[in-house]
Amino acid sequence: MPDQQARVFISYSRRDSDFAKRVVNELGRHGRDIWVDWEDINVAEDWLQAVYDGIEKTDTFLFITTRHSVMSEVCNLEIQHARLHNKRIIPIVRERIEGGLRDEVEAYWKSTQWTEMGQQNWTTLGHLNWLFFDNDTRFYAQLESLVQTIDTDLTHVKTHTRLLVRAREWEVNAESTSFLANGEE
């Protein structure tokens with residue numbers, strides 16, 4: 001187990017909750033610190049702001065890819081936020097979006113007000129190397145690959161997260177010079 005643990009944000013459709021819980025449980029058994037909505041959003045909290053904060057404070061954004069997640073506005077907002085904050089995105093494919101299903105997804109996007117966001121997110125995901133979790137007999141082999149991927153270049157990812165958190169503090173505090181990095185920082 002590595003000395004440093006990557007905090008992982010899990011993005012999924014509620015319709016895929018059973019699979020998401022399996023991934024969360026297995027990553028937890030591997031000692032990974034997970035941010036997931038059913039554990040990390042308090043009652044009466046602004047849930048979307050909590051999600052955005054969760055994305056910003058994690059090192060890795062894990063997207064569970066299914067027809068439900070790519071057709072979910074909330075999941076697309078999460079991907080967009082991860083993209084805008086240059087988070088490392090790891091797409092794990094539970095359901096392959098190809099052929100007729102891809103046509104169905106694209107037709108659905110065209111019926112929404114967030115067509116462009118969905119297409120931009122899909123383009124981003126399309127440029128990444130995916131882990132395939134669509135065959136349950138290979139779940140544990142793929143899980144090992146996922147854990148290794150999460151742990152890859154952790155120092156760089158943690159530095160990015162630390163700098164993003166500091167930059168956001170500076171922005172929230174009206175770009176006050178007292179929040180600028182200086183000296184040893």
Side-chain angles (χ1 to χ4, degrees), residues 1-72 74-83 85-98 121-122 124-165:
M1 188 177 302
D3 293 334
Q4 298 176 319
Q5 298 299 308
R7 190 153 164 84
V8 180
F9 182 98
I10 306 288
S11 177
Y12 70 100
S13 166
R14 295 242 184 226
R15 293 181 181 183
D16 304 310
S17 293
D18 290 341
F19 180 75
K21 287 176 183 175
R22 184 176 182 195
V23 171
V24 167
N25 290 338
E26 290 300 325
L27 287 175
R29 285 179 4 105
H30 279 78
R32 299 309 172 272
D33 187 16
I34 309 298
W35 192 103
V36 65
D37 61 354
W38 67 77
E39 292 179 356
D40 293 294
I41 299 178
N42 297 313
V43 174
E45 186 174 11
D46 178 334
W47 65 269
L48 187 56
Q49 188 57 55
V51 165
Y52 288 160
D53 290 345
I55 292 168
E56 291 169 18
K57 293 176 181 172
T58 56
D59 300 316
T60 302
F61 181 89
L62 184 74
F63 181 65
I64 298 175
T65 307
T66 66
R67 76 179 69 212
H68 306 298
S69 63
V70 296
M71 293 169 60
S72 162
V74 171
C75 288
N76 274 279
L77 287 168
E78 292 170 353
I79 295 169
Q80 180 183 49
H81 199 74
R83 283 188 313 105
H85 287 87
N86 299 310
K87 290 298 176 170
R88 178 175 58 170
I89 299 173
I90 302 173
I92 65 172
V93 177
R94 179 65 178 158
E95 181 179 25
R96 294 177 190 241
I97 311 299
E98 54 193 21
N121 289 340
W122 189 248
T124 296
L125 293 175
H127 290 287
L128 302 174
N129 197 13
W130 300 353
L131 284 170
F132 290 89
F133 279 77
D134 57 341
N135 180 341
D136 284 336
T137 62
R138 295 193 29 79
F139 180 86
Y140 290 103
Q142 290 299 84
L143 183 70
E144 291 302 321
S145 294
L146 176 59
V147 169
Q148 289 176 359
T149 302
I150 289 169
D151 292 341
T152 300
D153 200 11
L154 195 53
T155 302
H156 171 78
V157 173
K158 287 199 169 288
T159 299
H160 174 268
T161 298
R162 183 177 60 78
L163 293 173
L164 173 64
V165 168

Q: Might you work through the side chain to side chain donor-acceptor pair (under 3.5 Å) test for E144 and H30, ending with a clear yes or no?
A: CA-CA 9 Å; E144 291 302 321; H30 279 78; 3.0 Å; yes
Q: Kindly indicate, with the supporting measurements, whether the criterion side-chain contact (heavy atoms from CB on, under 4.5 Å) is fulfilled by R32 and V147.
A: CA-CA 8 Å; R32 299 309 172 272; V147 169; 3.2 Å; yes
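Counting heavy atoms from C-beta on, the side chains of P91 and T65 come closer than 4.5 Å. Proximity of W122 to I79: side-chain heavy atoms (C-beta onward) are nowhere separated by under 4.5 Å. Put simply, the side chain of W38 does not reach to within 4.5 Å of the side chain of I10, judged on heavy atoms. Within the 4.5 Å cutoff, no side-chain heavy atoms of I90 are placed close to those of V8. With a 4.5 Å cut-off on side-chain heavy atoms, I92 and F63 do not count as touching. V165 places none of its side-chain heavy atoms less than 4.5 Å from the side chain of E56. Side-chain contact between I34 and F9 is absent, with no heavy atoms from C-beta onward closer than 4.5 Å. Contact of the V23 side chain with the L27 side chain is registered, since non-hydrogen atoms from C-beta on lie closer than 4.5 Å.
To the nearest 0.5 Å, atom CG of residue L164 and atom OG1 of residue T58 are 9.5 Å apart. Note: E78 CD to L48 CG = 8.0 Å, rounded to the nearest 0.5 Å. Rounded to the nearest 0.5 angstrom, L143 CG and R29 CZ are separated by 8.5 Å. Note that OG1 of T137 and CD of Q142 are 10.0 Å apart. Values are rounded to the nearest 0.5 Å. In this structure, I64 CD1 and R94 CZ are separated by 9.0 Å, a value rounded to the nearest 0.5 Å. Interatomic distance, I55 CD1 to K87 NZ, rounded to the nearest 0.5 Å: 9.0 Å.
Scanning both residues, W130 and L125, for their nearest heavy atoms gives NE1-O, 2.6 Å. Between A50 and W35, the shortest heavy-atom contact is O-CZ2, 3.5 Å. Residue R67 comes nearest to I97 through the heavy atom pair N-CD1, 3.6 Å, listed as atom of the first residue, atom of the second, then distance. Across S69 and T66, no two heavy atoms sit closer than the pair OG-N, 2.9 Å. Nearest heavy atom pair, residue Y12 against residue C75, reads O-SG, 3.2 Å.
The pair R7-D59 does not count as a salt bridge, with every side-chain nitrogen at least 4.0 angstrom from each carboxylate oxygen. Salt-bridge check for D16 with K21: failed, with every basic side-chain N at 4.0 Å or more from each acidic carboxylate O. For R96 and D134, the salt-bridge test passes: some basic side-chain N is under 4.0 Å from an acidic carboxylate O.
Judged by a 6.0 Å distance limit and a 45° cone about the ring axis, R22 is positioned over the six-membered ring of F139.
Other residues, nucleotides and ligands contribute over 12 non-hydrogen atoms within 6.0 Å of the CG atom of N135. Counting heavy atoms of neighbouring residues, nucleotides and ligands inside a 6.0 Å radius, atom CG of N129 does not exceed 12 of them.
N76 and Q80 share no side-chain donor-acceptor pair at under 3.5 Å. R88 and T60 are linked by a side-chain donor-acceptor pair at a separation below 3.5 angstrom, with hydrogens and angles left out of the test.
Between the side chain of T149 and the main chain of S145, a donor-acceptor pair closer than 3.5 Å is present.
Between H81 and Y52, the angle of the ring planes stays under 30°, which puts this pair in the parallel group of the 30/60° scheme.
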